[in-house]
Amino acid sequence: MKRWPSRFLLVLAAAGLAAGCGLIDRATGVSVARELQASGIAASAEILSVWGTGMNLNDDPVIGLKVRVLPPDGAPYEATIPRSLISLVDLPQFQPGKLIPIRIDPKQPSRVAIEVYTNR
C-alpha cells in the first residue's frame, strides 16, 4: 500500500481550509464588503428595514438590510444588502432609521456593503 507524503496531506488540508473560508466569506457577505472596501465609494445609508438570515458565525448574526443610499453625488436610491455579518454587540446600531457608513460599487451602484470597521 502506497503511503501519502505528509507534506501532500498538509497542502491538501490547507487548500480545503482556504476553500471553506472562502465559502463562509461569500455566505456571510464578508467577501463583498472586503471587495468594496478596496474599490468602493464611501457613502451613508439610512436603514429602512432589517431581517435575520438565520445564519450566525461565532454567535454574531448575519443580517439583511434594505437601505436608502445617500451617495456623495446624485439622488438617494434604495438598495438591498442581502447578507452582512455584524458583531452581536453592534446590533442596536442596525435598526430602521439609523444612518450607517457604506461602500458603493462604482460600476454597479445597487451593489452596496456596510463599511468594514478597521479599528477592530
Side-chain angles (χ1 to χ4, degrees):
M1 176 193 279
K2 185 174 182 180
R3 190 170 167 193
W4 291 98
S6 59
R7 182 178 294 165
F8 173 76
L9 292 176
L10 184 60
V11 168
L12 187 60
L17 181 61
C21 289
L23 288 173
I24 290 170
D25 283 354
R26 281 192 295 280
T28 60
V30 170
S31 60
V32 173
R34 283 186 182 150
E35 178 187 335
L36 292 183
Q37 182 69 31
S39 64
I41 299 165
S44 294
E46 177 188 359
I47 298 174
L48 301 175
S49 63
V50 180
W51 61 91
T53 64
M55 201 179 325
N56 290 300
L57 181 63
N58 296 332
D59 294 327
D60 290 332
V62 177
I63 61 171
L65 301 105
K66 178 102 171 167
V67 296
R68 178 175 296 112
V69 177
L70 308 168
D73 304 339
Y77 61 92
E78 290 186 8
T80 300
I81 302 172
R83 290 178 304 277
S84 190
L85 177 65
I86 63 165
S87 171
L88 184 60
V89 297
D90 291 336
L91 193 56
Q93 297 176 43
F94 294 93
Q95 301 301 318
K98 298 273 189 167
L99 287 179
I100 57 170
I102 61 163
R103 290 283 177 155
I104 303 169
D105 186 331
K107 296 177 184 168
Q108 189 179 351
S110 63
R111 190 170 174 244
V112 299
I114 295 172
E115 176 83 35
V116 176
Y117 296 102
T118 56
N119 59 351
R120 291 188 187 186

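Residues: numbered from 1 along the sequence shown. Everything numeric here is computed off the predicted structure, so don't read it as measured data. Only this structure's heavy atoms are used, side chains among them; waters, hydrogens and symmetry mates stay out.
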Point-to-point distance, once rounded to the nearest 0.5 Å, from CD1 of I86 to CG of L65: 7.5 Å

Separation of I104 CD1 from S44 OG (nearest 0.5 Å): 9.0 Å

Separation of E115 CD from I100 CD1 (nearest 0.5 Å): 10.5 Å

Heavy-atom pair with the smallest gap, counting every atom of A79 and S110: CB-O, 3.7 Å

Residues clustering with L99 (ILVMFWY side chains joined when closer than 4.5 Å, directly or via others): L70

Closest non-hydrogen atom pair between P61 and L91, with its separation: CG-CD1, 4.5 Å

Residue pair P71 / G74: nearest heavy atoms and the distance that separates them: CG-O, 3.9 Å

Gap separating the CD1 atom of I63 from the CD1 atom of I114, nearest 0.5 angstrom: 5.0 Å

Approximate separation, where rounding is to 0.5 Å, of Q108 CD and L36 CG: 9.5 Å

side-chain hydrogen bond (donor to acceptor under 3.5 Å, both in side chains) partners for E46, two or more places apart: R68

Nearest atoms (heavy-atom pairs only) where G40 meets P106: CA-CD, 4.1 Å

Donor-acceptor contact below 3.5 Å, side chain Q93 vs main chain V89: no

Set of side-chain contact (heavy atoms from CB on, under 4.5 Å) partners for D60, sequence neighbours left out: L85, S87, L88

Gap between atom OG of S84 and atom CD1 of I102 - 0.5 Å precision: 11.0 Å

Minimum heavy-atom distance P96-S49, with the two atoms named: CG-CA, 4.3 Å

Minimum heavy-atom distance I81-W51, with the two atoms named: O-CZ2, 4.4 Å

